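Report on the structure given below.
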2 protein chains.
Amino acid sequence: MMAALRLVDERGLDRVTVDEISEAADVSPRTFFNYFATKDDALIGDPVHDAASLRDRLLALPGDRPLVAALLEALTPSIEEIQAERDLWLLRMRVLKNNAQLLPALVAHGTQAEEDLITAIAARTGLSRDDLFPQLAATLTGAAIRTAMMRWAGTEGHSPLSDFVREAFGILATGLAEPTPSHQKAPR
Amino acid sequence: MMAALRLVDERGLDRVTVDEISEAADVSPRTFFNYFATKDDALIGDPVHDAASLRDRLLALPGDRPLVAALLEALTPSIEEIQAERDLWLLRMRVLKNNAQLLPALVAHGTQAEEDLITAIAARTGLSRDDLFPQLAATLTGAAIRTAMMRWAGTEGHSPLSDFVREAFGILATGLAEPTPSHQKAPR
DNA sequence: GCCGATCTTGCAGGACCTGCAAACTTTTAT
DNA sequence: ATAAAAGTTTGCAGGTCCTGCAAGATCGGC
């Protein structure tokens, strides 16, 4: 809800009530809660749509591709979608950064998406859903994306989001090896 | 607050009110909120204490040790502390698993700890706090720990938590390379 | 026993969120 | 065109969470 984002951006999360948001959006407060389960949800958007399609895309890719490469490729459409709504997302990220109380809600939504990811990764790797690897991989992927988006937003979207995601996945792929300050990848 | 955990374990988070918890703990509801900022906080505990000391321990370790090894070593006391209060933590994790609504709150607290971690990792690696690596490394570390604890709790604490953490950090160190089902490390 | 500091409590009240049923709008069928 | 059906929006009542404030209780030292 655009109205909500703008209000909260201006005044901060706890200086804005649901009543005010509703009024700005020309609906009753009761209708607000028909659309959003919580006040926070109005600011975070709807990642569920992304979650399912991400899973499908990942499963559609040839199985011999390295996992990280496959993840990156499966993510591309979602990333482009975000890039296409750049201003909305920059606003959203700014609101998130300025209202740390929202972070939990953001993670909650991400967790939903990660559940699907676990299944997909398990299928790809032939491991069980209960194994460590799929669970950890999904969690780390989510964490990497979140970090990338935070950094992207920090630059006001000057360079494309995909660059940040690619960089993060690079580290993810090679492991937390110590980078040199000029951080070339995996000198060997 | 032990009373809170037990009640919520029995009935579920939204079948227990703050009033009931307060009564079980023999304090007034108002006093409850003097101790815990929110109802959720009473269930999650106080990770802040851990956060600062983790940072200190990490900085005290010799700088030439690989990052992941250093992290693991710095974490050991915290892990032992959890292991020592095994029953409390297993109860807590069970409550978390059965009340997914709490997961966000858990992560929020972790985020606080991760802030400190970013600084420590940046100092260790000689990178800036604003670089990708420290931010990502801290986030991934948090995610790995959380995943390890979830899995540990899933086994009813049968094997020690440190095993799970070590395993997760192993993957973290070598990167998300595809493991074989018997997951030897990085066959090359 | 008195005094200051800390801890606990009650009260009033705002904000979030829900279930329910009434009003309204839109679509479909006749 | 009318009526029925289906879907949306709304108001209302009410429960719960959480906060600020000021009054009371408790505890320590002197």
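Keep in mind the model is a prediction, meaning the values are calculated, not measured. Note on naming: letters A, B, ... go to the chains in the order of the sequence lines (proteins, then strands), and numbering restarts at 1 for each one.
Note that the two end axes of the helix from C:dG1-D:dC30 to C:dT30-D:dA1 enclose an angle of 10°, each drawn from 5 base pairs, rounded to 10 degrees.
A side-chain donor-acceptor contact under 3.5 Å links A:Arg57 and A:Ser78. Residues B:Arg129 and B:Thr119 have side chains that bring a donor and an acceptor to within less than 3.5 angstrom of each other. Residues B:Thr139 and A:Arg146 bring no donor and acceptor atom of their side chains to less than 3.5 Å of each other.
Residues of residues 23-41 of chain A having a heavy atom closer than 4.0 Å to DNA chain C, listed by number: A:Arg30, A:Phe33, A:Ala37, A:Thr38, A:Lys39.
Here the C1' atom of nucleotide C:dC16 and the CD atom of A:Glu20 are 14 Å apart, to the nearest Å. Atom CG of A:Asp14 and atom C1' of D:dC17 are 15 Å apart (whole Å). When rounded to the nearest whole Å, the span between CG of B:Asp19 and C1' of D:dC17 equals 10 Å. Here the C1' atom of nucleotide D:dC18 and the CD atom of A:Gln101 are 14 Å apart, to the nearest Å.
A donor-acceptor pair under 3.5 Å is absent between the side-chain atoms of B:Trp152 and the main chain of B:Phe164, judged by distance alone. A donor-acceptor pair under 3.5 Å links the side-chain atoms of B:Arg124 to the main chain of B:Arg65, judged by distance alone.
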Pair A:Arg166-A:Leu72, side chain to side chain contact (heavy atoms under 4.5 Å, CB included): steps then yes or no: CA-CA 7 Å; A:Arg166 224 192 322 278; A:Leu72 200 49; 3.7 Å; yes

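Taking 4.0 Å as the cut-off between side-chain N and carboxylate O, B:Glu20 and B:Arg11 count as a salt-bridged pair.
Applying the salt bridge (charged side-chain N to carboxylate O under 4.0 Å, His left out) rule to pairs touching residues 83-102 of chain B yields B:Asp9-B:Arg94, sequence neighbours excluded.
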